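Structure first, then comments.
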Amino acid sequence: MAERREATARPAVGQGPLKGITVVDATVALAGPFGTAVLADLGANVIKIEAPEGDMSRGTPPFTENYVSARKGAGPDEIDYGGYFASINRNKRSLCLDLKNPAERDVVLELCDQADVFVENLRNGVMDRLGVGYETLKARNPKLVYGALRGFGDERTGRSPYTDRPAFDIVAQSMGGLVSITGEEGGLGVPCGSSVGDIYPGTLLALGIVSAVVHAQRTGEGQFFDVAMYDSILLLAETVIANYGFAGNSLEPRGAHHPLLCPFGVFPAADGGIAIAAPRPNQWEFLCEVIGRPDLVADDRTKNTLVRRKNQQLVEGVIAEWSSLRTRAEVVAALAGQVPCGPVNTAADIFVDPHVAVREMITELPVAGADGNAAIVGCPLKFTQTPSGYYRPPPKLDEHRSEILAEFGIKDPRP
């Protein structure tokens with residue numbers, strides 16, 4: 001692993017554009033917590049409500065060596081999460097409540113009386129049965145925004161025949177068409193390496209919350225809104241819909257190259273893979289000059305991107321013959337000024353990339369008992385006046401109980 005950089009000093013509270021917005025966060029696992037983590041990065045006061053056993057993601061790897069030692073009884077007992085939890089729960093405070101206990105459920109109601117947002121991602125109807133559903137909260141706080149994220153949406157916005165089904169990332173990716181266009185040509189399709197079936201719905205959740213909060217501030221009227229994982233992947237894989245909707249084309253796995261543009265894909269280099277995209281005339285001409293094949297500019301088989309796509313094997317073979325004899329750095333040095341290109345980076349590559357350092361896209365954070373700082377991804381939303389990003393480490397379970405209850409003037413129901 002690359003040498004650690006020193007953690008940058010951070011403010012005690014969020015300074016982003018959502019400073020002053022309070023979010024009561026009852027989400028679990030990945031999709032919901034990712035969305036609320038975006039809000040926290042942007043400065044929102046996110047209060048994470050956890051069941052007595054804690055969010056299920058606390059016990060999910062990766063773990064530091066110290067965490068493993070602690071779980072064996074050989075280290076500090078305050079380590080109670082790994083990188084999975086840390087990555088999507090930074091900047092939040094934790095309050096442990098059993099919503100099946102009426103007294104503790106009432107704490108959530110009192111929090112929502114003063115909050116701007118309540119958000120959850122449990123199955124359809126669960127929160128209603130627990131007594132903290134939208135209608136209950138709206139009656140107490142008409143300005144409250146209630147956000148929900150489910151596999152197939154909520155019946156309030158359109159009851160799907162799948163509404164009551166559970167869903168995971170892989171299901172959303174598959175049903176939304178993304179798997180059908182990913183992987184080697186001629187195959188069944190493969191899921192993306194990243195859990196985009198969770199991450200993208202979580203991103204849309206954050207956008208929906210911000211939009212509804214703006215409306216509430218302007219009108220004084222809160223509302224319910226939801227995001228379905230299935231719907232989100234349909235949006236992400238919009239090309240599947242557009243190709244079929246316009247031309248009746250059912251796209252198939254595209255392999256390492258674009259189904260319409262050429263060249264536009266991943267090529268071999270002497271030390272890994274390199275992305276090269278030169279579909280425009282000026283880019284193609286420059287690429288041909290660099291690889292020593294200026295004759296291809298006027299060749300009827302390669303003179304524009306449409307005919308190049310029909311002769312894809314010829315085009316890709318010529319480029320691969322050139323790129324495979326050079327390192328990724330050499331290809332970038334030869335092309336990057338005129339032709340969009342970039343290395344297929346590994347995690348080790350990313351950790352030493354100067355762009356990543358300048359843009360603060362690796363966040364160093366202290367982990368209890370760890371040897372130095374651990375690292376998670378940074379916040380890509382950059383503001384000149386209201387800085388976003390990391391300011392508070394991920395919370396230990398129920399770490400902020402006394403602090404939060406005192407802040408909201410709520411009596412602790414526990415003796």
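For the numbers below, each heavy atom of this structure counts, side chains included, while hydrogens, waters and symmetry mates do not. Numbering of residues begins at 1 and proceeds along the displayed sequence. Every value quoted in this text rests on a predicted model; they were computed, and no experiment measured them.
- Within 6.0 Å of the CD atom in Glu252, the count of heavy atoms belonging to other residues, nucleotides or ligands does not exceed 12.
- Here Met127 contributes atom CE and Leu99 contributes atom CG; the two are 5.5 Å apart, rounded to the nearest 0.5 Å.
- Put simply, the side chain of Asp398 gets close to the backbone of Cys96: a donor and an acceptor are under 3.5 Å apart.
- Atom CG of Leu109 and atom CG of Asn141 lie 11.0 Å apart (nearest 0.5 Å).
- The number of heavy-atom neighbours closer than 6.0 Å to CD of Glu184, taken from other residues, nucleotides and ligands shown, is 12 or below.
- Remark: the Ser94 side chain and the Glu50 side chain contain an N/O donor-acceptor pair separated by less than 3.5 Å.
- One finds no salt bridge joining Lys92 and Glu399 here, because no Lys/Arg side-chain nitrogen approaches an Asp/Glu carboxylate oxygen to under 4.0 Å.
- Between the side chains of Ser388 and Lys382, no donor-acceptor pair of N or O atoms lies under 3.5 Å.
- Of the possible donor and acceptor atoms, one in the side chain of Arg309 sits under 3.5 Å from a partner among the backbone N and O of His258.
- In this structure, the ring of Phe267 has its center less than 6.0 angstrom from the ring center of His257.
- Leu178 CG to Thr239 OG1: the interatomic distance, rounded to the nearest 0.5 Å, is 11.0 Å.
- A donor and an acceptor atom, one from each side chain of Tyr146 and Glu120, are located under 3.5 Å apart.
- Between the side chain of Thr182 and the backbone N or O of Val179 there is no donor-acceptor pair closer than 3.5 Å.
- Classification of Lys143 and Asp116 as a salt-bridged pair fails, no side-chain N sitting under 4.0 Å from a carboxylate O.
- A salt bridge links Glu403 with Arg93; the closest basic N to acidic carboxylate O contact falls under 4.0 Å.
- Other residues, nucleotides and ligands place no more than 12 heavy atoms under 6.0 Å from the CZ atom of Arg280.
- When all heavy atoms of Pro394 and Tyr81 are compared, the pair lying nearest together is O-OH, 3.3 Å.
- Asp55 and Asn89 are not linked by any side-chain donor-acceptor pair at a separation below 3.5 angstrom, with hydrogens and angles left out of the test.
- The closest donor-acceptor contact from the side chain of Arg326 to the backbone of Trp322 lies under 3.5 Å.
- Other residues, nucleotides and ligands place more than 12 heavy atoms under 6.0 Å from the CZ atom of Phe408.
- Ion pairing between Arg58 and Glu53 fails under the 4.0 Å rule for side-chain N and carboxylate O.
- A donor-acceptor contact closer than 3.5 angstrom links the side chains of Thr346 and Asp349.
- With hydrogens and angles ignored, the 3.5 Å screen pairs no side-chain donor or acceptor of Arg105 with any backbone N or O of Lys100.
- Panel note: side chain Arg150, backbone Leu122; a donor-acceptor pair is recorded below 3.5 Å.
- In this structure, Arg359 CZ and Cys379 SG are separated by 10.5 Å, a value rounded to the nearest 0.5 Å.
- Rounded to the nearest 0.5 Å, atoms CZ (Phe85) and CE (Met56) are 12.0 Å apart.
- Going from atom CG of Asp154 over to atom CG of Asp226 covers 5.0 Å, rounded to the nearest 0.5 Å.
- Atom CZ of Phe383 has more than 12 neighbouring heavy atoms from other residues, nucleotides or ligands inside a 6.0 Å radius.
- Of the charged side-chain nitrogens involved, none lies within less than 4.0 Å of a carboxylate oxygen, so that Arg308 and Glu316 do not count as a salt-bridged pair.
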